[in-house]
A.B. asks: 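First the structure, which I've put down as structure tokens, then a few questions once you've had a look.
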Amino acid sequence: MRPARKTLRRPDELVAAGLIPGERRGEIEAVAARYALALTADVAELIDPADPRDPMARQFVPAAAELDARPEEMADPIGDGAHSPLEGIVHRYPDRVLLKPVHVCAAYCRFCFRREVVGRARALSRAQLDAAVAYIRSHREIWEVILTGGDPLVLSPRRLGQVVETLAAIDHVKVIRVHTRVPVVAPTRVTVALVRALRAPGKATYVVLHANHARELTSAARAACARLVDAGIPMLSQTVLLRGVNDEAAVLGELMRALVECRVKPYYLHHGDLAPGTAQWRTGIDEGQTLMRALHGRLSGLCQPTYVLDIPGGYGKSPIGPSYLACIGGANGTARYEVEDFNGRRHAYPPAPLETSDRASSL
Ligand SMILES: *Cc1c(COP(=O)(O)O)cnc(C)c1O
Ligand code: SF4
């Protein structure tokens, strides 16, 4: 008989599934008491319990070290709180907002940057959701609404459809973007009905997939992405740089290629955020830059994400290199540069032409 495709939520279920040894159950119970725990059947099937360095286990199976917070880590590492005018909304940049209708995910990444909130805070009530939508409606500068959480694709197609329809009815909202891990961790949730719920006539829907390793792109996950893209929904990806998961050029490159093969354009490679208990996954920024250099020029331009850091304190995301351009003198529009190619060789680039006398005299 085929085993039931059940989501594992309790430490004893992880022991029974052979994902943690029985003697570690006590310590894992302490972790589970503090942080949300769920492994869908799709995730559990991806894990090789015989491999102590399995990159899937490292992302989804809890470990005692998650309770060791470091002094530089913080509960709200990207400063959502500083830009939240009301429950469920984060408005950091003028033209776009995050709308977080739910705080649960289908499966929980152990390194989650919102780990103090996801799986713990309550979903928005009807009244809170109405207030959040009213905020978006009254701020005409909001051009894009980013549904995140939690994972908005855990909502039923009916509820998701209501949210999308309500947003689409707001004139100045032109783009609805959904950040999700569901096509990887619960691909069968991406039904025809769910895909239909994401679309709104006259508005653009984008889906951004969170994926960290090529092995996550199983045939079921690829089929889920294909259902979205075939329906006319462009897909992008975001990857978290994680030690022991994807901090090798070959592994990262294989992921980016697999995404492009699925018609998913790599968008961001996130430097690990300072969430409590996540030091075991965090690399140095120099290591991230070295990886980006390894991808540059050796993989198609389609496979290149932008490496970004969400600046602690709520200042937003910035690209953190590497930079291939060095200024070697001059200023005021006549600066001279050296540009580095993908083999590390440097090439001089001439300064801009001097202003013509016509233009100078017209000043
Ligand atoms: C990441 C983020 C966005 C989206 O940023 P993009 O660079 O447009 O992908 C928007 N708002 C907040 C608060 C964010 O954290
Ligand atoms: S899918 Fe995103 S929000 Fe959910 S647990 Fe993973 S990192 Fe956190």
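Throughout, residue positions are numbered sequentially from 1 according to the sequence presented. First listed ligand is number 1; within each ligand, the first listed atom is number 1.
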A.B. asks: Tell me: protein heavy atom nearest atom 2 (Fe) of ligand 2, and distance?
C.D. replies: His210 ND1, 3.9 Å
A.B. asks: Only heavy atoms count here, so choose which of Arg96, Arg92, His91 is nearest to atom 8 (O) of ligand 1.
C.D. replies: Arg96
A.B. asks: Tell me whether Lys317 has any N or O atom under 3.5 angstrom from an N or O of ligand 1.
C.D. replies: yes
A.B. asks: Among protein heavy atoms, which lies nearest atom 7 (O) of ligand 1, and at what distance?
C.D. replies: Tyr268 OH, 2.5 Å
A.B. asks: Does Ser84 reach the main-chain N or O of Ile89 with its side chain, forming a donor-acceptor pair under 3.5 Å?
C.D. replies: yes
A.B. asks: State whether the side chain of Gln289 and the backbone N or O of Ile320 hold a donor-acceptor pair below 3.5 Å, judged by distance alone.
C.D. replies: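 Yes; judged by distance alone, with no hydrogens or angles, the pair exists.
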A.B. asks: Heavy atom of Arg177 under 4.0 Å from ligand 1?
C.D. replies: yes
A.B. asks: Can you name the atoms of ligand 2, numbered from 1 with element, that are less than 4.0 Å from a heavy atom of Arg181?
C.D. replies: 1 (S)
A.B. asks: What residue and heavy atom of the protein are closest to atom 8 (Fe) of ligand 2, and at what distance?
C.D. replies: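 It is Cys112 SG, 2.3 Å.
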A.B. asks: Would you mind telling me if ligand 2 is within reach of the side chain of Cys109, the backbone, both or neither, using heavy atoms under 4.0 Å?
C.D. replies: both
A.B. asks: In ligand 1, which numbered atoms sit nearer than 4.0 Å to a non-hydrogen atom of Val90?
C.D. replies: 13 (C)
A.B. asks: Determine whether the aromatic ring centres of Tyr324 and His296 lie less than 6.0 Å apart.
C.D. replies: yes
A.B. asks: So, the side chain of Lys265 versus the backbone of Gln304: is there a donor-acceptor pair under 3.5 Å, distance only?
C.D. replies: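 Yes; judged by distance alone, with no hydrogens or angles, the pair exists.
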A.B. asks: So which protein heavy atom does atom 4 (C) of ligand 1 come closest to, and at what separation?
C.D. replies: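 In this structure, atom 4 (C) of ligand 1 has Ile146 CD1, 3.6 Å as its nearest protein heavy atom.
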A.B. asks: Regarding Arg177 and the six-membered ring of Tyr206, is the cationic atom NZ or CZ under 6.0 Å from the ring centre and inside 45° of its axis?
C.D. replies: no
A.B. asks: Counting non-hydrogen protein atoms only, what is the nearest one to atom 3 (S) of ligand 2? Give residue, atom name and distance.
C.D. replies: Cys105 SG, 3.6 Å
A.B. asks: Quick check: Glu144 and ligand 1, any N/O pair under 3.5 Å apart?
C.D. replies: no
A.B. asks: List the steps and the verdict of side-chain hydrogen bond (donor to acceptor under 3.5 Å, both in side chains) for Gln59 and Glu216.
C.D. replies: CA-CA 11 Å; Gln59 292 188 72; Glu216 294 171 22; 2.8 Å; yes
A.B. asks: Answer yes if the ring centres of Tyr93 and His83 are under 6.0 angstrom apart, and no otherwise.
C.D. replies: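 Between Tyr93 and His83, the centre distance exceeds or equals 6.0 Å.
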A.B. asks: Report the nearest protein non-hydrogen atom to atom 9 (O) of ligand 1: residue, atom name, distance rounded to 0.1 Å.
C.D. replies: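 It is Tyr267 OH, 2.6 Å.
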A.B. asks: Checking Arg9 side chain against Ala38 main chain: does a donor-acceptor pair fall under 3.5 Å?
C.D. replies: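 No, because the side chain of Arg9 does not come within donor-acceptor range (under 3.5 Å) of the backbone of Ala38.
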A.B. asks: To the closest 0.5 Å, what do you measure between CG (Leu228) and CZ (Arg199)?
C.D. replies: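 If I round to the nearest 0.5 Å, the distance is 10.5 Å.
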A.B. asks: Mind checking whether Val97 contacts ligand 1 via backbone (N, CA, C, O), side chain (CB onward), both or neither, at a 4.0 Å heavy-atom cut-off?
C.D. replies: neither
A.B. asks: Indicate yes or no: does an N/O atom of Asp80 lie under 3.5 Å from an N/O atom of ligand 1?
C.D. replies: no
A.B. asks: Determine whether a donor-acceptor pair (N or O, by modelled atom type, separation under 3.5 Å) exists between the side chain of Tyr315 and the backbone of Pro312.
C.D. replies: no
